[in-house]
Amino acid sequence: MNLKERIAQYTVIDKKLIPPFPKNMLIELTNICNHNCIFCANSKMTRKKGEINEEFLFSILKEAFNEGTTEVGFYATGEPFVSNNLALYVSKAKEMGYKYVYITTNGALATPERSREVIEAGVDSIKFSINAGTKETYKSIHGKDEFDIVINNLKYISDYRKNNNKNFKIFVSSIVTRYSESEKKLLEEKLKDISDDIVFLNVANQGGMMYEINENLALEGDEYLIKKMPCSLPFNSLHVTYEGYLTTCCIDFQNYLTVADLNKISIKEAWNSEIFIELRKKHLENCIEKTLCYNCIYNKNESVEPLIQEHSTFYDKDKFSKEKDIKNRLLI
């Protein structure tokens, strides 16, 4: 299955208030990132930074697997290679029986030594996020002059797979802005022999947290900025934050969409909880006002409320912006 097919399969949903327990789970190992991409809310996130508790991680992996989850990805709002235990976590998931274990990384920390560890641990796919086709634009977009490092790391992984007869996928995704659109062909040409598939995704508002992309980064035409309802995420995937919360969204930077504390209740109880059922009902009835989902789906910057106040870190919609950083970086 190529990357496009993997993405497409998660748009198909069972529109029930209590859908079947998900086959797929994303676990946020950390919300710390070594890059500062201009389209990403990570650098303006005010939520406390941290890494997941190892004992909790092993417990939630086992719990979800016993309920029928067969795929797990180790990433969300941060960079997975920040965690020194990434290879251990991949190995543990494979030992438990997970059929597909995957990561998304910006690739700068995926050094030959670190990559070998993850590959030998049994990872099924590694996806690099490379959001420009030249060194100059990459530096502006990512905030780091590490384009060559990333390409060399990706080439090493490709060579290692070939030379050691390893069976895992190498994918690339690229967020397209008005400043990188012209470099798509350059990136495809550079990666054609060292990756299995590349997907280009038009820049959007990052789960309702990056409204400033509209004026500064979005491509001409805004039809793709308004998303379809209902969102598939509340119906077909688990998202676990490093604190141990179950959240509705993989890019819930301020924990506005958490539905339960998995340190206190089981993941199955959380999936079937009243607060999650109510959110799904709002999606099915297209009544998501006052939730972060509303800003995401309809590309708005309205005042919204967290589902669980004590899990969240408040953000002021009028001040939660990196527009100045974007303009300084791109000289606009």
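Remark: Asn2 engages Lys4, Glu5, Asp197 in a side chain to side chain contact (heavy atoms under 4.5 Å, CB included) (not counting sequence neighbours). A search for side chain to side chain contact (heavy atoms under 4.5 Å, CB included) contacts involving Ala87 returns Glu117, Val118, Ala121, not counting sequence neighbours. In terms of the side chain to side chain contact (heavy atoms under 4.5 Å, CB included) criterion, residue partners of Asp196 (sequence neighbours excluded) are, by chain and number, Arg161, Lys169, Ile170, Phe171. With sequence neighbours left out, the side chain to side chain contact (heavy atoms under 4.5 Å, CB included) criterion links Glu215 to Glu323, Lys327.
With 3.5 Å as the limit, one finds a donor-acceptor pair spanning the side chains of Glu95 and Ser91. In the model, Thr134 has a side-chain atom that pairs as donor or acceptor with a side-chain atom of Thr137 under 3.5 Å. Side-chain polar atoms of Tyr211 and Gln206 form no donor-acceptor pair below 3.5 angstrom. Looking only at atom types and distance, the side chain of Ser180 has no donor-acceptor partner in the side chain of Glu183 under 3.5 Å away.
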Could you go through residues 306-319 and list every donor-acceptor pair under 3.5 Å that involves a side-chain atom there, pairing it with any protein atom two or more places apart or in another chain?
{"from": "His311", "atom 1": "ND1", "to": "Thr258", "atom 2": "OG1", "distance (Å)": "2.8"}
{"from": "Ser312", "atom 1": "OG", "to": "Gln309", "atom 2": "O", "distance (Å)": "2.9"}
{"from": "Asp316", "atom 1": "OD1", "to": "Asp318", "atom 2": "N", "distance (Å)": "2.9"}

Note to self: Between Glu243 and Thr241, is the side chain to side chain donor-acceptor pair (under 3.5 Å) condition met? List the steps.
What the structure shows: CA-CA 5 Å; Glu243 300 99 330; Thr241 75; 2.8 Å; yes
Checklist line | Criterion side chain to side chain contact (heavy atoms under 4.5 Å, CB included) on Lys322 and Met210, from CA distance to verdict | finding: CA-CA 8 Å; Lys322 59 190 293 181; Met210 284 295 297; 3.7 Å; yes
Notebook entry, point to check: Please walk me through it: do Thr105 and Lys127 pass side chain to side chain donor-acceptor pair (under 3.5 Å)?
Noted result: CA-CA 6 Å; Thr105 172; Lys127 178 164 72 69; over 6 Å; no
Margin query: side chain to side chain donor-acceptor pair (under 3.5 Å) for Asn24 and Ser237? Distances and angles first, verdict last.
Written below: CA-CA 5 Å; Asn24 183 68; Ser237 189; 3.1 Å; yes
Item checked: Chi angles and distances behind the salt bridge (charged side-chain N to carboxylate O under 4.0 Å, His left out) call for Glu220, Arg178 -> CA-CA 8 Å; Glu220 291 298 324; Arg178 66 184 68 164; 5.7 Å; no
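No single ILVMFWY cluster, assembled from side-chain heavy atoms under 4.5 Å apart, contains both Tyr245 and Leu292. Both Tyr75 and Leu86 are assigned to one and the same hydrophobic cluster, defined by single-linkage of ILVMFWY side chains at heavy-atom distances under 4.5 Å. If you chain together hydrophobic residues whose side chains sit under 4.5 Å apart, Ile149 and Leu187 never meet in one group. A single hydrophobic cluster is not seen to contain both Ile265 and Phe65; linkage of ILVMFWY side chains at heavy-atom distances under 4.5 Å, directly or through other members, places them apart. Under the 4.5 Å side-chain heavy-atom criterion for ILVMFWY residues, a single connected hydrophobic cluster contains both Leu201 and Tyr179.
Contact between Cys293 and Leu279 at its shortest, heavy atoms only, is SG-CD1, 4.4 Å. Pairing each heavy atom of Cys33 with each of Gly78, the nearest pair is CB-CA, 4.5 Å. Between Cys249 and Leu257 the shortest heavy-atom distance is CB-CD1, 3.8 Å. The minimum heavy-atom distance between Ala270 and Phe276, with the atom names listed, is O-CD1, 3.6 Å. Closest heavy-atom contact between Val172 and Ser195: CG2-CB, 4.0 Å. Across all their heavy atoms, Asn31 and Lys48 have their closest contact at ND2-O, 3.0 Å.
The number of heavy atoms from other shown groups lying within 6.0 Å of NZ (Lys190) does not exceed 12.
In this structure, OG in Ser174 is found 5.0 Å from CG in Asn131, a value given to the nearest 0.5 Å. Going from atom CG of Asn85 over to atom CD1 of Ile52 covers 11.0 Å, rounded to the nearest 0.5 Å. Here Thr247 contributes atom OG1 and Asn255 contributes atom CG; the two are 6.5 Å apart, rounded to the nearest 0.5 Å. Put simply, CG on Leu186 and CD on Glu188 are 10.0 Å apart, with the number rounded to the nearest 0.5 Å. The CG atom of Asn216 sits 5.0 Å away from the CD1 atom of Ile326 when rounded to the nearest 0.5 Å.
Aromatic ring centres of Tyr102 and Tyr100: separated by under 6.0 Å.
Within the 4.5 Å cutoff, the side chain of Ile27 has heavy atoms near those of the Val72 side chain. Contact annotation: the side chain of Tyr242 never approaches that of Glu51 to less than 4.5 Å [non-hydrogen atoms, C-beta and beyond]. Here the side chains of Tyr160 and Ile119 are in contact, with some heavy-atom distance below 4.5 Å. At least one side-chain heavy atom of Asn36 sits less than 4.5 Å from a side-chain heavy atom of Asp325. Contact of the Phe200 side chain with the Val176 side chain is registered, since non-hydrogen atoms from C-beta on lie closer than 4.5 Å. Side chains of Met45 and Asn42 form a contact here, defined as non-hydrogen atoms less than 4.5 Å apart. In this structure the side chain of Lys44 reaches within 4.5 angstrom of the side chain of Glu212, judged on heavy atoms. By the 4.5 Å heavy-atom criterion applied to side chains, Cys231 and Ile297 are counted as neighbours.
Evaluation of the salt bridge (Lys or Arg N to Asp or Glu O under 4.0 Å) test over residues 58-84, restricted to residues two or more places apart or in two chains, returns Arg6-Glu71, Glu67-Lys268. The side-chain hydrogen bond (donor to acceptor under 3.5 Å, both in side chains) contacts involving residues 283-296 comprise Asn286-Tyr298, where partners must be two or more places apart or lie in separate chains. Screening residues 292-304 for salt bridge (Lys or Arg N to Asp or Glu O under 4.0 Å) gives no qualifying pairs among residues at least two apart or on separate chains. Applying the ring-ring contact (aromatic ring centres under 6.0 Å, His included) test to residues at least two apart or on different chains, the pairs with a partner in residues 122-141 are Tyr138-His142, Tyr138-Phe147. Screening residues 139-153 for salt bridge (Lys or Arg N to Asp or Glu O under 4.0 Å), with sequence neighbours left out, gives Lys135-Asp148. Evaluation of the salt bridge (Lys or Arg N to Asp or Glu O under 4.0 Å) test over residues 9-29, restricted to residues two or more places apart or in two chains, returns Asp14-Lys16, Glu28-Arg47.
Using a 4.5 Å cut-off between side-chain heavy atoms of Ile, Leu, Val, Met, Phe, Trp and Tyr, Ile277 falls into a hydrophobic cluster with Ile13, Leu17, Ile18, Phe235, Leu284.
Judged by distance alone, the side chain of Ser115 and the main-chain N or O of Ala110 form a donor-acceptor pair under 3.5 Å.
A salt bridge links Lys94 to Asp124: at least one charged side-chain nitrogen sits closer than 4.0 Å to a carboxylate oxygen.
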